[in-house]
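Written below as structure tokens is the structure these notes are about.
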Amino acid sequence: IFIYRHLWIMLIIQEINIIKYNINMLDIEDFKKKLDKKSRLMGIDPGKKRVGIAISDENKIIATPYTTLIKNEYSKFLLEIKEIIKANDIKGIIVGNPFNMDGSPSQSSQSAKDLAINLSKDVTENVTMWDERLSSEGAFNLTSNLNTNTSKKVEKLDENAAQFILQGALDYLTKENTWSDSTKGL
């Protein structure tokens, strides 16, 4: 009960800070409206020390694992993120939000939200969050059929989890376009 009360208080404080400092956190629909038809996105699996990065193709159909960054100091981490964005012409960032299985915020949700807010201040306003439940497990299971040993799978886990998160968001972002495009002639 203490943990839930603590998380609830932290979420209220964050919402107050968003309003107080005029920080724009986009929901997925507002995020979608700001995207060009052809634009690449970055997916982030946030961790305390290891941060998985994935990028999409410009048609926003396929997410690909990119790298895992070690987050020792924020300024260095920020530089690395900016370099990836510049090198890949990234137009938006999707940060995984680690909810509990029952849909409530997890202990890590606050730090993921803080990262998203900081990225929206320091990199681009086009940042949103996406439910990342089971992304690490899904990423690990996807590699289970590959001829790769367990240590290699663990080494790539964060970037594969970022791919899993980004792919989920891409599927959501493109599903309505596919439906509306296929029904235009009806």
Side-chain angles (χ1 to χ4, degrees), residues 26-72 74 76-99 108 111-113 115-116 118-120 122-179 181:
L26 300 175
D27 67 21
I28 194 74
E29 292 302 321
D30 290 333
F31 179 83
K32 182 178 179 177
K33 290 174 190 171
K34 290 185 170 231
L35 296 175
D36 296 331
K37 187 169 176 99
K38 294 221 180 230
S39 56
R40 299 180 88 183
L41 303 178
M42 174 187 284
I44 296 180
D45 177 42
K48 288 180 182 172
K49 287 285 183 194
R50 297 171 53 87
V51 177
I53 305 291
I55 58 174
S56 76
D57 64 307
E58 65 179 13
N59 293 316
K60 296 180 286 302
I61 295 174
I62 297 174
T64 305
Y66 189 76
T67 191
T68 299
L69 302 177
I70 305 302
K71 187 174 65 174
N72 288 326
Y74 182 71
K76 183 179 179 224
F77 170 74
L78 192 59
L79 256 163
E80 292 174 311
I81 290 286
K82 287 180 178 181
E83 287 173 12
I84 295 168
I85 287 171
K86 186 177 180 185
N88 295 284
D89 196 28
I90 302 294
K91 300 298 182 191
I93 301 173
I94 297 170
V95 179
N97 193 358
F99 288 109
S108 302
S111 60
K113 211 167 188 183
L115 175 63
N118 288 332
L119 290 173
S120 72
D122 299 331
V123 180
T124 178
E125 289 182 5
N126 208 16
V127 176
T128 193
M129 298 190 78
W130 188 257
D131 185 346
E132 71 158 63
R133 276 179 277 193
L134 299 177
S135 62
S136 294
E137 182 179 340
F140 192 83
N141 289 339
L142 283 174
T143 61
S144 66
N145 293 332
L146 299 176
N147 245 355
T148 308
N149 64 31
T150 304
S151 63
K152 241 338 180 204
K153 289 179 195 176
V154 170
E155 181 183 309
K156 300 282 187 184
L157 182 64
D158 299 297
E159 60 201 70
N160 288 337
Q163 177 207 15
F164 200 84
I165 293 162
L166 181 56
Q167 190 64 56
L170 292 175
D171 291 346
Y172 176 83
L173 291 168
T174 58
K175 78 173 165 78
E176 292 175 6
N177 292 343
T178 303
W179 173 254
D181 288 349

[X] (side chain) donor-acceptor with [Y] (main chain) under 3.5 angstrom:
X	Y	result
R50	I70	no
T124	G92	no
K71	G47	yes
K60	K37	yes
D27	E29	yes
Q167	A63	yes

Separation between [atom1] of [X] and [atom2] of [Y], rounded to the nearest 0.5 Å:
X	Y	atom1	atom2	answer
L78	L69	CG	CG	11.0 Å
T64	Q163	OG1	CD	6.5 Å
Y74	N118	OH	CG	4.5 Å
K32	L26	NZ	CG	14.0 Å

Go through the structure and list residues passing side chain to side chain contact (heavy atoms under 4.5 Å, CB included) with [X], not counting sequence neighbours.
X	answer
A169	I94, W130
I61	D57, N59
A116	M25, V95, V127, M129

Test item: [X] and [Y] side chains (from C-beta on) under 4.5 Å apart, heavy atoms:
X	Y	result
T128	D30	no
I62	L170	no
V51	I81	no
I44	I165	no
N97	K113	no
Y172	D131	no
E80	I53	no

Contact summary for [X] and [Y], nearest pair of heavy atoms:
X	Y	value
L41	F31	CD2-CZ, 3.9 Å
K82	D122	CE-O, 3.3 Å
A112	G96	CB-O, 3.5 Å
I85	M42	CG1-CE, 3.8 Å
G43	L166	N-CD2, 3.7 Å
R40	S56	NE-O, 2.9 Å

